[in-house]
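Comments concern the structure below.
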Amino acid sequence: MPQTPPERSAPAMDRFVEATDRRNRPLPIAGFKGTPEEIERQWYEQVYRGRGDSMAQLTWRAVLIGSCLGGVLSLTNLYIGLKAGWGFGVAITASILSYAIWTSLLKVGLARTPMTILENNCMQSTASSAGYSTGGTLVSAFAAYIIVNHQSMSVPLMLAWVFFIAVLGVTMAIPMKRQMINIEQLRFPSGIAAAETLRALHAKGAQGLRAAKALGLAGLIAAMDKVWAEGLSTMSASLERFSSGALLTGLQKWSLGGHYEAWSGRTVVFSWDFIFLAAGAITGMRVCATMFVSGTVCWAVVVPVLQTKGVIEGTGFATIVQWTLWFGASCMVAAGVLSFALSWRTALSAFRDLGQLLSFRAAAASEGSRIETPMSWFAVGQVVSFVALAWLGHASFGMPVWETAIAVALSFWLALVACRVTGETDTTPVGAMGKVTQLIFGALRPGNVNVNLMSANITAGSATSAADLLTDLKSGYLLGANPRQQFLAQFSGIFVGTVVSVCTFAVLVPNAQVLGTDQFPAPAAQTWSAVAIALGQGLSSLESIKRWLIFAGGVVGVLLTLAPVLFPKYQEHLPSASAFGLAWVFPWYYGLLFFFGALIALLLERLKPKLAEEFTLPVAAGVVAGGSLMGVVLVFWANGGSILDKLLGG
């Protein structure tokens, strides 16, 4: 075995010791104190120097793997968004997967050097941008457009809209990062969790590999379960009777007898979907218990009463949800608007931030300033996005340029609020942003449903995208990443994410008949379309019972939003207003599965806390990813050759 030359052994050992020291250095979670200049100097000297100035970060392998992972994970958020109106951050999942993939390539000799922790961070930034910032508008505003107009947009038009909204959101995060992360040291808890995950993976390889194996095994089991549930009928019609759904249906028909048809028509039956069990484990007991109780009130109490009185004629989810969504949408709108109003201190802080964000006075104040993303990039991104969106809006829907200008300007201010809320509470107010902007544009341009949807789409999509991406920038800040390089990683992810998510959406949702069904209830789209219709046509055009449902939903939304303010000591035990409304827009058994998942996670946390801490999130993320990806594959498989015609024909 060849010996290391004597003149090179000492420097090699020094580099090894230095690298080990960098890897084991604690993260600056507590933050720094002092003036803005002192804070930036402390970060530069204590965190960036010795890490960001010497480690590989923005490499081709990090961007390529991040783009591929982000493209794949964007399918999971697209699928579950159409199913439950939900979206999950993909940073931790991408970090674990990339580490496992690269470690495996090293073991088999296809890779020569390990990926640094900052390469891993760049990769998860690319994946987050691809997986999260491009699909949210598709399952809300675009799906709502299809419901309202009974037709889809062309693929090229959707590609353009999604891409430029994502550019608007990504570049909008540039000035906010320095103010909220560098200066104010807002926590962004999920960003801290992602940084800790990356640090654990690189410090304890065995633990990282265990988490990766658990994620992969859970994904494989979930994929097989999805095939059993939905894939057998795709393979052969004769095999459908052996599917899990058919077996459960047979068992419940036998046990419920003649009552089965009535209750199944109200979705009050047990229907298995592994994805929602895992989603419940991630979401937590407060939200999941709220959905279960609210869903039971809706589907097992209110719906039977309305059917008995002849208000609702017929059965089946698609028929009934056209009535229940008015309560659910009203509850979520009232909760979102009131939550926004109660955040007036945050809004005032946003106004205070505005002057500082647009100021160039500290552009060259320190060494750290020279590695920050230039404000000129922000300006170029905003101008290009505005011009493109203004042209698209005018050409597609006859939107005047002034309305697009208001949408972009409003996006910036609402993004300030959304980013601050995310930094303080770890909850991106997606629902609130959508409802507030729809109401604003409903007042500015009453009667035009499509303009309402797409104007609000610009604002809500870009604002929530900026807030989510700041979470990734927080991870980079803690790890000592180069901010400019991390921004480029985020920007790179937009391209793959846009193409994958839009093309897949075009296949999954070929027409309006797919939405609002058991396969794709699309709760977010149902809510957006209901608000747009109510604002466009006026409440007087609705049946009286729908107006009463709107009133009742609004009252419940207000009361549940005020409850934590009035009783702060019991906040963790009070129902979630958004979850209460959401349960009226998707089937009852979704809430049941969410609740079971949260219950299992809670019991595991109480009985085996160390096991829960290590495996709950990887296993749940693996189930969501594996089940969602197989669900997409099965839809592609069932459509066969028509997929290519759909994509090419637009």
Side-chain angles (χ1 to χ4, degrees), residues 73 75-90 92-93 96 211 213-232 243-249 251-252 264 267-296 299 317 518-521 523 576 579 582-583 585-608 611-634:
L73 293 174
L75 301 181
T76 69
N77 267 342
L78 187 64
Y79 185 81
I80 202 168
L82 290 171
K83 281 277 191 180
W86 225 258
F88 296 104
V90 301
I92 294 178
T93 304
I96 295 173
K213 288 178 181 178
L215 190 150
L217 181 61
L220 179 62
I221 293 173
M224 294 169 61
D225 175 76
K226 181 63 70 172
V227 171
W228 184 27
E230 301 177 9
L232 295 182
S243 68
S244 59
L247 295 175
L248 280 172
T249 298
L251 180 62
Q252 291 176 94
S264 66
T267 74
V268 187
V269 289
F270 185 78
S271 183
W272 174 251
D273 197 322
F274 205 177
I275 292 175
F276 297 122
L277 203 71
I282 296 172
T283 304
M285 179 55 75
R286 174 176 174 260
V287 170
C288 295
T290 301
M291 286 194 288
F292 174 60
V293 172
S294 176
T296 302
W299 299 96
F317 175 79
D518 288 337
Q519 183 185 20
F520 292 133
S576 163
L582 184 63
V585 193
F586 60 44
W588 175 82
Y589 59 82
Y590 278 21
L592 178 66
L593 291 172
F594 266 99
F595 175 74
F596 280 161
L599 182 61
I600 292 170
L602 181 63
L603 292 175
L604 184 61
E605 183 182 352
R606 297 282 175 83
L607 299 175
K608 300 285 186 180
L611 190 70
E613 182 180 1
E614 183 175 359
F615 289 111
T616 296
L617 183 58
V619 169
V623 170
V624 171
S628 300
L629 292 175
M630 182 53 69
V632 173
V633 168
L634 291 174

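Along the sequence shown, the residues carry numbers beginning at 1. Remember, predicted model here, so these are calculated numbers, not experimental data. Heavy atoms only: backbone and side chains are in, while hydrogens, waters and symmetry mates are out.
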**Request:** Taking side-chain contact (heavy atoms from CB on, under 4.5 Å) as the test, write out the residues that go with Leu217, two or more places apart.
**Result:** Ile221

Kindly give the heavy-atom pair with the smallest separation between [X] and [Y], and that separation in Å.
X      : Y      : result
Ile80  : Phe276 : CG1-CE2, 4.3 Å
Trp228 : Leu247 : CZ2-CD1, 4.0 Å
Thr283 : Cys288 : CB-SG, 3.9 Å
Gly627 : Ala222 : N-CB, 3.6 Å
Pro523 : Leu82  : CD-O, 4.1 Å
Ile275 : Val624 : O-CG2, 4.1 Å

**Request:** Assign the ring pair Phe596 / Phe270 to parallel, tilted or perpendicular, where the plane angle (0 to 90°) is split at 30° and 60°.
**Result:** tilted

**Message:** Check the orientation of Phe586 and Phe594. Use parallel for under 30°, tilted for 30 to 60°, and perpendicular for over 60°.
**Reply:**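 Judged by the thresholds at 30° and 60°, the geometry between Phe586 and Phe594 is parallel.
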
**Message:** With heavy-atom distances below 4.5 Å as the criterion, would you say the side chains of Val269 and Trp588 are in contact?
**Reply:** no

**Prompt:** Can you check whether Tyr590 reaches Asp273 side chain to side chain, under 4.5 Å on heavy atoms?
**Reply:** no

**Prompt:** Step by step, would you call Glu605 with Thr616 a side-chain contact (heavy atoms from CB on, under 4.5 Å)?
**Reply:** CA-CA 9 Å; Glu605 183 182 352; Thr616 296; over 6 Å; no

Roughly how far apart are [X] [atom1] and [Y] [atom2], rounded to 0.5 Å?
X      : Y      : atom1 : atom2 : answer
Leu602 : Leu599 : CG    : CG    : 6.5 Å
Glu613 : Leu604 : CD    : CG    : 11.5 Å
Ser271 : Leu593 : OG    : CG    : 7.5 Å
Thr290 : Met285 : OG1   : CE    : 10.5 Å
Ser244 : Trp272 : OG    : CH2   : 9.0 Å
Leu277 : Ile282 : CG    : CD1   : 11.0 Å

**Message:** Strictly distance-based, threshold 3.5 Å: is any side-chain N or O of Ser628 a donor or acceptor partner for the main-chain N or O of Tyr79?
**Reply:**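 Side chain of Ser628 to backbone of Tyr79, a donor-acceptor pair under 3.5 Å: no, none is there.
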
